[in-house]
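Notes follow once the structure below has been shown.
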Amino acid sequence: MSVVTRFAPSPTGFLHIGGARTALFSYLYAKRFGGKFLLRIEDTDRERSTQAAVDAIFEGMQWLGLTSDFGEIYQTQRFDRYAEVIAQMLEAGTAYHCYASREELDAMRAEQQARKEKPRYDGRWRPEPGKVLPPIPEGVKPVVRFKNPQEGEVVLNDLIKGKIVFSSDELDDLIIARGDGVPTYNFCVVVDDMDMGITHVIRGDDHVNNTPRQINMIKALGATPPQYAHVSMILGSDGAKLSKRHGALGVMEYRAMGFTPDAILNYLVRLGWSHGDQELFTREEMIAKFDFEHVSASPARFDMEKAYWVSHQYLKSADVAVIAPEFDWHLRQQGVDPTNGPKLEDVIAQQRERCRTLLEMAEKSKFFYADITGYNEKDAAKHLGAKAVPVLAGLIEGLTALSDWQAEAIHGVVHATAEKLGLKLGDVAQPIRVAVSGAAVSPPIDQTLMLLGRTATLARLAAAAAFAAKAAPAA
RNA sequence: GUUCCCAUCGUCUAACGGUUAGGACAUCACCCUUUCACGGUGAGUAUAGGGGUUCGAAUCCCCUUGGGAACGCCA
């Protein structure tokens, strides 16, 4: 049997990092066995589902490259099918109508909690042989409940957590259709997974307690339950649960922070899963090596520092042509148009070693594409003082005379200037950095000037010379 | 409250009864150096606690403690 997995988010918010990892695991597992992966939008709660959230989920999945093999599937488009199954179950006696009002149920739960019991439906409308049901109240639209078997136990052999046994008497009769006829999550999941031939249900471990009921429903429908893999949640760096108020970010925010999709995926795949000592994986390697035997059952914290490290590894080793479009996006995000200026690929090649993210790279590369707006105060005070005046003058003279604007020749001029003035290389290079980039940090100076180009270089050196001359008397 | 899950360096993890408990991130030190980085070398840091089982336990079992989840006409 070919593997079919699914990622089934409810569209009530963006695609967060935990969901992305669950989706990734599902995707990898399917691909590993040459199977299919599908994305299903669980939008039966029409009050909370929004189109904006649906769009955000698709956007995130697409950016990560986790594409569905079956297009878009919405539960709200399958209501006819759910109604059909509910009718079947009513007919077969595996489901029944319950006329208890919400108030009645609230009161029941309150009583149970007062008695320190687990709140659960008491089966007041559950038909049993010889049992007399209450009179049907007028004007009440009944809900439909699943008639859960009450004997024995349900065994879940989870691929990650191992064997988990639930006693059947812990399981109450859950509602599968609301008073208005709209089916509920636990029921829709079961019908969908069955109809879509899902072989492996990979989801967050907050669903573990739903699983025995779902297994019972699948069995009541005469189908075979899929395999389950319940993935632990991702915690914030302080060990607290990620929430909207507390550090939960959508995957697109990681794009804004300068991560590439591959880097995020690589970080996520290693969060809870391992393959010996290997830290870095290509997408192909992830697919070839992913397994549930090495997925941890315990929750993991999201460590931004390590994520940055992974990001850096990708920036350093990736094909510059692949990164260039994302780099372009970041520059434009910062209001810089990279059309006129050095080739993005060349700038990336110079910056990739010293930047952990594309955001950082864009910030540090703006000066290649736009005029600098001023000097870093400390750097200017240190490097553009009186001492810099002869240095800059010498450089301008040497560089103006340069016919061949290449790194090697530029390097020669910088060296010659230092030698002529009896200075160390750093004493010459630092003023140039500040003059040209606005601050004392840049790629190697010869590369920087080559990329910047002759015109901009000389203009900025001249401006810095004027600045230094003005600052000199005070110094 | 009830049920269920989880527990190795600060963090992510390796170990599938026998290792000086390994690697990575982070930290610190040194080297390299034209700034920032990269890179190199090295250091410190862990089996939550208590009982068993066993010749031998991080590993299997039980208890404690500490985290977490679920218990909706939410998903």
Side-chain angles (χ1 to χ4, degrees), chain A residues 8-12 42-45 47-49 75 98 100-102 105-106 109 112-120 141-145 156 158 161-162 164-167 170-172 174-180 182-186 188-189 204-212 230 232-233 235 237 239-241 267 270-280 293-294 296-310 312 316 351-356 364 379 383 411 414-415 418 424-430 432-434 437 439-446 448:
Chain A
S10 63
T12 54
E42 313 238 308
D43 54 353
T44 53
D45 182 356
E47 304 220 333
R48 297 203 301 166
S49 301
Q75 289 189 323
C98 168
S101 68
R102 292 170 200 254
L105 295 172
D106 287 345
R109 283 191 205 99
Q112 289 166 332
Q113 274 174 335
R115 271 182 272 136
K116 301 199 187 277
E117 286 171 12
K118 180 178 185 169
R120 50 200 297 256
K141 287 195 167 178
V143 300
V144 178
R145 287 185 185 270
L156 161 62
D158 193 90
K161 293 181 185 285
I164 305 174
V165 180
F166 298 87
S167 176
E170 285 293 327
L171 277 19
D172 63 357
L174 72 158
I175 292 174
I176 59 176
R178 302 168 167 94
D180 62 5
V182 177
T184 60
Y185 163 79
N186 276 102
C188 296
V189 166
D205 71 356
D206 48 336
H207 290 288
V208 170
N209 289 290
N210 289 328
T211 307
H230 286 98
S232 63
M233 53 191 276
L235 272 19
S237 57
K241 184 184 177 178
Y267 178 72
R270 277 287 290 107
L271 205 54
W273 174 74
S274 61
H275 185 78
D277 287 339
Q278 189 170 349
E279 296 287 351
L280 271 7
E293 286 73 47
H294 295 89
S296 168
S298 56
R301 300 184 187 201
F302 190 95
D303 180 10
M304 197 50 101
E305 287 304 320
K306 183 140 186 187
Y308 280 137
W309 177 79
V310 172
H312 194 187
K316 282 198 297 178
Q351 297 278 216
R352 64 202 308 185
E353 244 175 36
R354 65 204 85 234
C355 300
R356 297 198 298 178
K364 287 181 174 172
D379 293 340
H383 301 296
H411 190 250
V414 173
H415 265 271
K424 287 186 295 185
L425 215 45
D427 294 328
V428 177
Q430 289 308 86
I432 304 179
R433 285 203 165 84
V434 181
S437 74
V441 176
S442 84
I445 204 65
D446 46 356
T448 302

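Chain identifiers are assigned alphabetically (A, B, ...) following the order of the sequence lines, protein sequences preceding nucleic acid strands; residue numbering begins at 1 within each chain.
- Mapped onto RNA chain B by nearest heavy atom, A:Tyr185 and A:Arg356 fall at different nucleotides, with A:Arg356 at the one closer to the 5' end.
- Counting any heavy atom pair closer than 4.0 Å across all strands shown, A:Thr44 reaches sugar-phosphate atoms only and no base atom.
- Within 4.0 Å (heavy atoms only), A:Lys116 reaches sugar-phosphate atoms of the nucleic acid but no base atom.
- Here, B:rU11 and B:rG52 have their P atoms 30 Å apart, quoted to the whole Å.
- For B:rA69, the paired nucleotide is B:rU3, the pair qualifying as Watson-Crick or G-U wobble because both relevant distances are below 3.5 Å.
- Residue contacts shown for A:Asn186 include a base, since a base heavy atom lies under 4.0 Å away.
- The nucleotide B:rA21 finds no pairing partner, because no Watson-Crick or G-U wobble arrangement with both distances shorter than 3.5 Å includes it.
- Put simply, CG on A:Leu156 and NE2 on A:His230 are 6.5 Å apart, with the number rounded to the nearest 0.5 Å.
- Here NZ of A:Lys118 is found 4.5 Å from CD of A:Glu170. Values are rounded to the nearest 0.5 Å.
- Distances shown here put a side-chain N or O of A:Arg109 below 4.0 Å from the OP1 or OP2 atom of B:rC73.
- B:rU34 atom P lies 11 Å from atom CD of A:Gln430, rounded to whole Å.
- Taken from OG in A:Ser49 to CD in A:Glu47, the straight-line distance is 10.0 Å, to the nearest 0.5 Å.
- Nucleotide B:rA14 has no partner under the Watson-Crick or G-U criteria, as no pair reaches both atom distances under 3.5 Å.
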Base contacts versus sugar-phosphate-only contacts with protein, heavy atoms under 4.0 Å: please encode nucleotides 4-15 of chain B as B, S and - from 5' to 3'.
SSSS---SBSSS
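- At a threshold of 4.0 angstrom between heavy atoms, the contacts of A:Asp180 with the nucleic acid are absent.
- Using a 4.0 Å heavy-atom criterion, one finds that A:Ala100 contacts the bases of the nucleic acid, with or without backbone contacts as well.
- Applying the 90° criterion around 0 to the glycosidic angle, B:rC62 comes out anti.
- Remark: B:rU41 base-pairs with B:rA29; criterion is Watson-Crick or G-U wobble with both hydrogen-bond distances under 3.5 Å.
- Separation of the P atoms belonging to B:rG10 and B:rU45 is 11 Å when rounded to the nearest angstrom.
- Residue A:Glu170 has its side chain nearest to B:rU2 when only B:rA75, B:rC73, B:rU2 are considered.
- In this structure, OG on A:Ser442 lies 7.5 Å from CD on A:Gln351, to the nearest 0.5 angstrom.
- A donor and an acceptor atom never sit less than 3.5 Å apart when one is taken from the side chain of A:His415 and the other from the base of B:rU34.
- Every residue two or more places apart in sequence or in another chain that forms a salt bridge (Lys or Arg N to Asp or Glu O under 4.0 Å) with A:Asp172 is listed here: A:Arg213.
- The nucleotide B:rC60 finds its pairing partner in B:rG52, both defining distances of the Watson-Crick or G-U wobble pair being shorter than 3.5 Å.
- With both ends at atom C1', the span from B:rA46 to B:rG23 equals 14 Å, rounded to whole Å.
- With P as the reference atom, B:rU19 and B:rA29 are 35 Å apart, rounded to whole Å.
- Rounded to the nearest Å, the gap between the P atom of B:rG40 and that of B:rA14 is 25 Å.
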Within the 4.0 Å limit for protein heavy atoms, which parts of nucleotides 36-50 of chain B are touched? Write it as a string from 5' to 3', B for base, S for sugar-phosphate only, - for none.
BBSS-----------
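- Side chain to side chain, A:Arg433 and A:Gln430 meet the donor-acceptor criterion of an N or O pair below 3.5 Å.
- Distance check on atom P: B:rC61 versus B:rA21 gives 23 Å, rounded to whole Å.
- Rounded to an integer number of Å, the gap from A:Arg48 CZ to B:rC73 C1' is 13 Å.
- Atom name C1', nucleotides B:rC9 and B:rU47: the rounded distance is 10 Å, in whole Å.
- The distance between atom NE2 of A:His230 and atom C1' of B:rA75, rounded to the nearest whole Å, is 13 Å.
- B:rC73 and B:rU65 have their P atoms separated by 33 Å, with the value rounded to a whole Å.
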